[in-house]
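Read the numbers this way: they start at 1 and go in the same order the structure lists the ligands and their atoms.
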Amino acid sequence: RKKVTIQTIQNLYKKKEPITVLTASDFPSGHVADTAGMEIVLVGDSLAMVAMGMEDTNEVTMDEMLLHCRSVNRAVKSAFTIADLPMGSYETSPEKALSSAIRMVKEGGMKGIKLEGGAEMASTIRKISQAGIPVMAHIGLTPQRQHSLGGFRVQGKSAAGAVKLLRDALAVQEAGACMMIIEAVPPEIAEIVTRRLSVPTIGIGSGNGCSGQVLVQVDMLGNFPEGRFLPKFVKTYADVWGEARRGIEAYREEVKSRAFPSVEYTYPVSKEVLDKFEK
Ligand code: KIV
Ligand code: NA
């Protein structure tokens, strides 16, 4: 497969072919997403929960994100790679944001960065884009701002909310964002916003009128501990957790009963050596 570039993504957008995006947090998850043909692999800060067991995304640091980025980067040969700037690494000034974005490229091996926020982030998006680092914006439900949003709630649902969403979309596009995530917005609203733009929208929980879709890999593979809360918009395509658990339980049984390791899993020794050794 050829390397996916920003041009490849623009061509898909022009052809109206949906852009496929999936998160990854380490070498295996990056490898499988790339091999399965994802156009963009996103090192999302959701790895705080799904790879590090944290309560929410606000806990993960820049250095921790960079460690995960490097692992994903070693695995991804074709897909375009983008990483979330974690909370605290970009809000205080456009200069600070640019330094963080540069670290993602130089230390994390990423091609682009993602950051949360709309019109209020325009100068930051402009600063990073003008330095030659592609910026994916993230509007609608922005999990890093969960406490000021009053939790994980659908956005753009009221008329005023829909107008704000459109304003944010136009502002981040104008600032130079090469694409944007639209999270948890009613499908009709996300579709109208998408039609008003000239850069791709990547939906999550926002219907199929967006220019592409993204899901968290652990969630869509069903590779999460029993009891993890899944939003309504997650479709589970596999039962990786169940399969892993079945395998580990079977292993446990076979070790306890000494069924494993049977002879085919061992190395032979000659009778001659054995006789000598036993004497
Ligand atoms: O952190 C993440 O995984 C994300 C995507 C779900 C958009 O931001
Ligand atoms: Na995120």
Considering only protein heavy atoms, which is closest to [atom], and at what distance to one decimal place?
atom: atom 5 (C) of ligand 1; result: Leu42 CD2, 3.7 Å
atom: atom 1 (O) of ligand 1; result: Ser46 N, 2.9 Å
atom: atom 8 (O) of ligand 1; result: Lys114 NZ, 2.9 Å

Atom indices of ligand 1 within 4.0 angstrom of [X] heavy atoms, with elements:
X: Asp84; value: 1 (O), 2 (C), 8 (O)
X: His138; value: 8 (O)
X: Ile204; value: 6 (C)
X: Gly44; value: 1 (O), 2 (C), 3 (O)
X: Val216; value: 3 (O), 6 (C)

_Nearest to the Na ion (ligand 2) - the N/O/S atom of Asp84, by atom name_ = OD2
*Tell me which N, O or S atom of Asp45 sits nearest to the Na ion (ligand 2).*
OD1
*Check whether any N or O atom of Thr23, backbone or side chain, sits under 3.5 Å from an N or O atom of ligand 1, and answer yes or no.*
no
*Please confirm whether Glu116 comes under 4.0 Å of ligand 1, counting heavy atoms of the residue only.*
no
*asked:* Measuring from non-hydrogen atoms of Glu183 to any atom of ligand 1, is the shortest distance under 4.0 Å?
replied: no
If you measure only the distance, is there a donor-acceptor pair under 3.5 Å linking the side chains of [X] and [Y]?
X: Thr20; Y: Glu39; answer: yes
X: Asn11; Y: Thr8; answer: no
X: Ser262; Y: Glu264; answer: yes
X: Thr194; Y: Glu191; answer: no

*Which word best sums up how the rings of Tyr265 and Phe260 line up, parallel for under 30°, tilted for 30 to 60°, or perpendicular for over 60°?*
tilted
*Could you go step by step and tell me if Phe152 and Leu141 meet the side chain to side chain contact (heavy atoms under 4.5 Å, CB included) rule?*
CA-CA 7 Å; Phe152 296 94; Leu141 173 52; 4.2 Å; yes
*If you measure from each non-hydrogen atom of Thr57 to ligand 1, which part falls under 4.0 Å: side chain, backbone, both or neither?*
neither
_Could you check whether atom CD of Glu254 has more than 12 heavy atoms from other residues, nucleotides or ligands sitting under 6.0 Å from it?_
yes
*Please determine which of Lys96, Glu116, Lys127, Gln144 meets the side chain to side chain donor-acceptor pair (under 3.5 Å) test together with Tyr90.*
Gln144
*Of all the heavy-atom pairs spanning Leu22 and Leu215, show the shortest one and how long it is.*
CD1-O, 3.3 Å
